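The structure under discussion appears below in the form of structure tokens.
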There are 2 protein chains.
Amino acid sequence: MTKSARSGPYICGIDAALDVVSGKWKGLILWELDNYGVRRFAELRRGLPGVSEKMLTQHLREMEQDGLVHREVYAEVPPRVEYSLTEHGRSLNAALGPLGAWGMDRLVRERTELVEHRDADLLPRPS
Amino acid sequence: MTKSARSGPYICGIDAALDVVSGKWKGLILWELDNYGVRRFAELRRGLPGVSEKMLTQHLREMEQDGLVHREVYAEVPPRVEYSLTEHGRSLNAALGPLGAWGMDRLVRERTELVEHRDADLLPRPS
DNA sequence: TGGGGTACTTACCAAAAGGTGAGTGAGGAG
DNA sequence: CTCCTCACTCACCTTTTGGTAAGTACCCCA
């Protein structure tokens with residue numbers, strides 16, 4: 001009961017998936033954890049320029065609740081906490097692959113169009 | 001200039017893509033338009049139970065700006081406006097496919113776990 | 001003794017997102 | 001004559017989201 005979805009009900013799978021990745025930094029957290037495998041709190045913070053500590057912990061807790069990340073606490077001093085992706089989290093990242101590619105494509109296209117516009121503005125139309 | 005991205009800059013493609021689909025109803029709008037091909041405003045409203053007219057127009061305008069949907073206005077009375085996906089929008093939907101599948105999987109798993117929990121609660125442990 | 005690092009939590013605030021209810025203006029149904 | 005439909009727009013409000021700054025408790029380094 002404590003682990004059920006935070007919102008819903010969902011109409012389709014997209015709904016359910018978007019709910020889990022929506023959050024200013026979640027995409028980047030996923031990407032960072034997938035890239036490095038294991039990361040400590042401060043490493044993540046440094047890897048996400050501009051994130052506040054509050055949001056980082058909040059997002060990590062939610063993703064833990066959602067079964068995406070694993071949190072390992074070592075009872076040392078100074079404290080050490082390591083975050084990594086669960087199997088479920090890794091499968092989410094795989095499912096996000098095509099979307100990421102689409103986004104990259106879009107970014108490239110945007111820049112291309114801007115360049116074209118600049119050229120069109122600079123060059124007088126051939127008469 | 002008027003058509004550049006609404007936010008950014010983006011760190012990776014996921015970022016850019018999520019920006020375009022984040023919005024309470026955008027996933028459903030995409031799904032509805034992909035399903036039916038062409039939909040009128042009122043049809044979309046009826047297809048998205050609970051959406052407010054304000055949010056529906058707002059989301060449609062943003063998606064139009066982002067080059068995902070095409071808006072065709074017929075100068076008739078009563079007014080008629082038809083929405084459909086652009087090529088870009090259809091490619092986004094394709095890229096969302098795996099994510100949607102992941103989400104469905106997650107929903108099914110969730111229900112399965114609930115059922116397992118219920119069973120575990122109902123059945124006394126074999127001693 | 002003072003500063004930095006570890007991984008947080010808490011209170012307070014600002015901005016963004018989203019909902020509500022009204023109004024538009026013409027046509028068609030009752 | 002009144003209400004409903006179409007596709008919106010607008011003003012106002014609430015909810016959600018995210019940021020800021022401080023505090024915690026202990027350690028290491030100079």
Side-chain angles (χ1 to χ4, degrees), chain A residues 5-11 14-15 18-30 32-33 36 38-66 69-84, chain B residues 5-11 14-15 18-30 32-33 36 38-66 69-84:
Chain A
R6 289 193 308 283
S7 61
Y10 302 115
I11 298 180
I14 300 280
D15 243 36
L18 283 182
D19 186 39
V20 141
V21 289
S22 67
K24 194 168 179 184
W25 307 95
K26 289 195 183 171
L28 280 315
I29 293 176
L30 241 19
E32 187 89 358
L33 286 181
Y36 292 93
V38 175
R39 294 248 98 180
R40 299 182 55 172
F41 184 85
E43 289 175 330
L44 282 172
R45 173 157 43 88
R46 283 188 289 262
L48 282 68
V51 75
S52 62
E53 298 192 339
K54 175 193 151 194
M55 285 318 298
L56 186 52
T57 47
Q58 200 173 108
H59 279 168
L60 284 169
R61 291 293 136 82
E62 289 174 5
M63 293 168 80
E64 196 190 352
Q65 269 208 352
D66 288 336
V69 319
H70 172 71
R71 180 165 178 266
E72 187 82 36
V73 185
Y74 297 87
E76 300 174 359
V77 87
R80 182 157 63 103
V81 180
E82 289 186 344
Y83 294 92
S84 54
Chain B
R6 289 191 309 284
S7 62
Y10 301 114
I11 298 180
I14 299 281
D15 242 36
L18 283 182
D19 186 40
V20 142
V21 290
S22 66
K24 195 168 177 183
W25 307 96
K26 288 194 182 170
L28 281 315
I29 293 177
L30 241 19
E32 188 90 358
L33 287 181
Y36 292 93
V38 175
R39 294 248 98 180
R40 300 181 55 172
F41 184 84
E43 288 175 331
L44 282 173
R45 176 157 41 88
R46 282 189 291 263
L48 281 68
V51 74
S52 63
E53 298 192 340
K54 176 193 153 195
M55 285 318 296
L56 185 52
T57 48
Q58 199 174 108
H59 279 168
L60 285 170
R61 291 293 136 82
E62 290 174 3
M63 293 167 82
E64 196 190 352
Q65 269 207 354
D66 287 335
V69 319
H70 173 71
R71 179 165 177 266
E72 187 82 35
V73 183
Y74 297 88
E76 300 174 359
V77 85
R80 183 157 63 103
V81 181
E82 290 186 346
Y83 294 91
S84 55

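Note that the structure is a prediction, hence the values are computed from the model and not measured. Sequence lines set the chain letters: A, B, ... in the order given, protein chains first and strands last, and positions in each chain run from 1.
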Atom CG of A:L28 and atom P of D:dG18 are separated, to the nearest Å, by 13 Å
Is the shortest heavy-atom distance from the side chain of A:I14 to the side chain of B:L28 under 4.5 Å?
-> no
Among C:dC8, C:dA7, D:dC8, find the nucleotide with the atom closest to the side chain of A:R40.
-> C:dA7
Counting just side-chain N and O atoms, does A:R61 come under 4.0 Å of either OP1 or OP2 of C:dC8?
-> yes
Which protein N or O atoms sit under 3.5 Å from an N or O of nucleotides 19-26 of chain C?
unit_1, atom_1, unit_2, atom_2, d
C:dG19, OP1, B:K24, NZ, 2.5
C:dG19, N7, B:K54, NZ, 3.0
C:dG19, O6, B:K54, NZ, 2.3

Is A:M55 close to A:K24 at the side-chain level, that is, under 4.5 Å between some pair of heavy atoms?
-> no
Classify the nucleic acid contact of B:R39 as base, sugar-phosphate or nothing, counting any heavy atom under 4.0 Å across all strands shown.
-> nothing
Protein-nucleotide distance (B:E76, atom CD; C:dG27, atom P), rounded to Å | 13 Å
What bend angle does the helix from C:dT1-D:dA30 to C:dG30-D:dC1 show across its length, from five-pair end axes and to the nearest 10 degrees?
-> 10°
Nearest-angstrom distance from the residue atom CD of A:Q58 to P of C:dT9 = 10 Å
A:D19 versus A:Y10, closest heavy-atom pair with distance | OD2-OH, 2.6 Å
D:dT17 phosphate, OP1 or OP2, under 4.0 Å from A:H59 side-chain N/O = no
Between A:R71 and A:L60, does a side chain to side chain contact (heavy atoms under 4.5 Å, CB included) hold up when you go through it step by step?
-> CA-CA 9 Å; A:R71 180 165 178 266; A:L60 284 169; over 6 Å; no
What is the distance from CD of B:E72 to C1' of D:dA7, rounded to the nearest Å?
-> 15 Å
Reckon A:R80 has a side-chain N or O less than 4.0 Å from the OP1 or OP2 of C:dA7?
-> no
Distance, rounded to the nearest Å, where A:D19 contributes CG and D:dT17 contributes P | 9 Å
Over how many whole Å does the gap from B:L60 atom CG to D:dC8 atom C1' extend?
-> 11 Å
B:R71 side chain N/O closer than 4.0 Å to the phosphate oxygens (OP1, OP2) of D:dC8?
-> yes
Nearest atoms (heavy-atom pairs only) where B:K26 meets B:V21 = CB-O, 3.6 Å
How would you label the contact of A:Y74 with the nucleic acid (heavy atoms, under 4.0 Å): base, sugar-phosphate, or nothing?
-> nothing
Quick one: do B:L30 and B:M63 satisfy side chain to side chain contact (heavy atoms under 4.5 Å, CB included)? Show the steps, please.
-> CA-CA 9 Å; B:L30 241 19; B:M63 293 167 82; 3.4 Å; yes
Give the minimum heavy-atom separation between B:L33 and B:Y83, together with the two atoms involved.
-> CD2-O, 3.5 Å
How close do A:L18 and B:G27 get, heavy atom to heavy atom, and via which atoms?
-> CD1-CA, 4.5 Å
Shortest non-hydrogen contact from A:D15 toward A:I11 = OD2-N, 3.5 Å
Which of the following nucleotides, D:dG18, C:dA7, D:dA7, is nearest to the side chain of B:F41?
-> D:dA7
